[in-house]
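Below is one structure; the comments refer to it alone.
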Amino acid sequence: MFAILLCSVAAISVQADESGDKTAQISDILNNSNAYIENAVCIKGNITQECGMRGCWITVDDGSGTILVDLKPNNFTIPLNQVGNTALVYGNVTLVEGRKKLTFEPGSPYIIGKKVEISGEIRQPLVSTG
């Protein structure tokens with residue numbers, strides 16, 4: 001048994017539900033989080049980090065800032081190996097509570113993702129037997 005890395009240029013979309021979210025820059029969410037809390041937003045940027053086990057979270061940077069997108073609350077994941085690709089994320093802004101999430105301190109805004117569209121070089125491991 002061996003693994004091959006499958007590369008292609010494509011777009012994928014995973015989601016929890018449809019949305020009509022307001023487009024926002026990450027810096028606006030970070031600097032004025034009270035205006036965005038519990039509101040539906042859409043952000044677009046590069047995936048800079050991802051959950052290495054299941055794709056249940058990512059961090060996205062749009063050039064104005066970086067924000068955490070948690071996909072687990074809506075019970076979906078993205079394919080692994082997407083760092084560097086562009087993500088269009090729809091979700092609701094909330095605040096980190098209790099202890100920090102990754103490097104994001106309590107009180108920091110993050111997004112609970114409900115839809116993610118990824119474009120770029122889609123890299124997924126393909127396991128072949130025989």
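As the structure is a computational prediction, the values presented were derived from the model and not from experiment. Heavy atoms only: backbone and side chains are in, while hydrogens, waters and symmetry mates are out.
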Donor-acceptor pair, distance only, cut-off 3.5 Å: does the side chain of [X] make one with the backbone of [Y]?
X	Y	value
Asp61	Asn46	no
Asn31	Ser27	yes
Gln82	Ile118	no
Ser33	Leu30	no
Glu97	Pro106	no

Using every non-hydrogen atom in the two residues, find where [X] and [Y] come nearest and quote the distance to one decimal.
X	Y	result
Pro109	Ile29	CG-O, 3.7 Å
Pro73	Ile112	CB-CG2, 3.7 Å
Leu80	Gly55	CD2-N, 3.4 Å
Ala24	Ile43	O-CG2, 3.5 Å
Gln25	Ser64	CB-OG, 4.1 Å

State, yes or no, whether a side-chain contact exists between Lys44 and Thr86 at a heavy-atom distance under 4.5 Å.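 Lys44 vs Thr86: side chains touch.
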Can you check whether Asn92 reaches Tyr36 side chain to side chain, under 4.5 Å on heavy atoms?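 Heavy-atom side-chain distance check fails, nothing below 4.5 Å.
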Applying the 4.5 Å side-chain criterion to the ILVMFWY set and letting contacts propagate, would [X] and [Y] be lumped into a single cluster?
X	Y	answer
Ile47	Ile67	yes
Val41	Tyr110	no
Phe104	Leu95	no
Val69	Ile26	yes
Val93	Val60	yes

Could you give the distance from [atom1] ([X]) to [atom2] ([Y]), rounded to the nearest 0.5 Å?
X	Y	atom1	atom2	value
Leu102	Cys51	CG	SG	9.0 Å
Ser119	Asn85	OG	CG	7.0 Å
Thr48	Leu68	OG1	CG	9.5 Å
Lys114	Cys42	NZ	SG	10.5 Å
Leu71	Thr77	CG	OG1	7.5 Å
Glu38	Thr94	CD	OG1	5.0 Å

Please determine if Asp70 and Lys101 form a salt bridge, counting it only when a charged side-chain N lies under 4.0 Å from a carboxylate O.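 Here Asp70 pairs with Lys101 in a salt bridge, since their nearest N and O are under 4.0 Å apart.
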Is the terminal nitrogen or CZ of Lys115 (NZ for Lys, CZ for Arg) located under 6.0 angstrom from the six-membered ring centre of Tyr90 and within 45° of that ring's axis?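 Checked: cation-pi criterion met.
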Step by step, work out the side chain to side chain contact (heavy atoms under 4.5 Å, CB included) result for Leu88 and Val116. CA-CA 6 Å; Leu88 184 61; Val116 178; over 6 Å; no
If only side-chain N and O atoms count, and only distance matters, is there a donor-acceptor pair under 3.5 Å linking Thr59 with Thr66?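 There is no such pair between these side chains.
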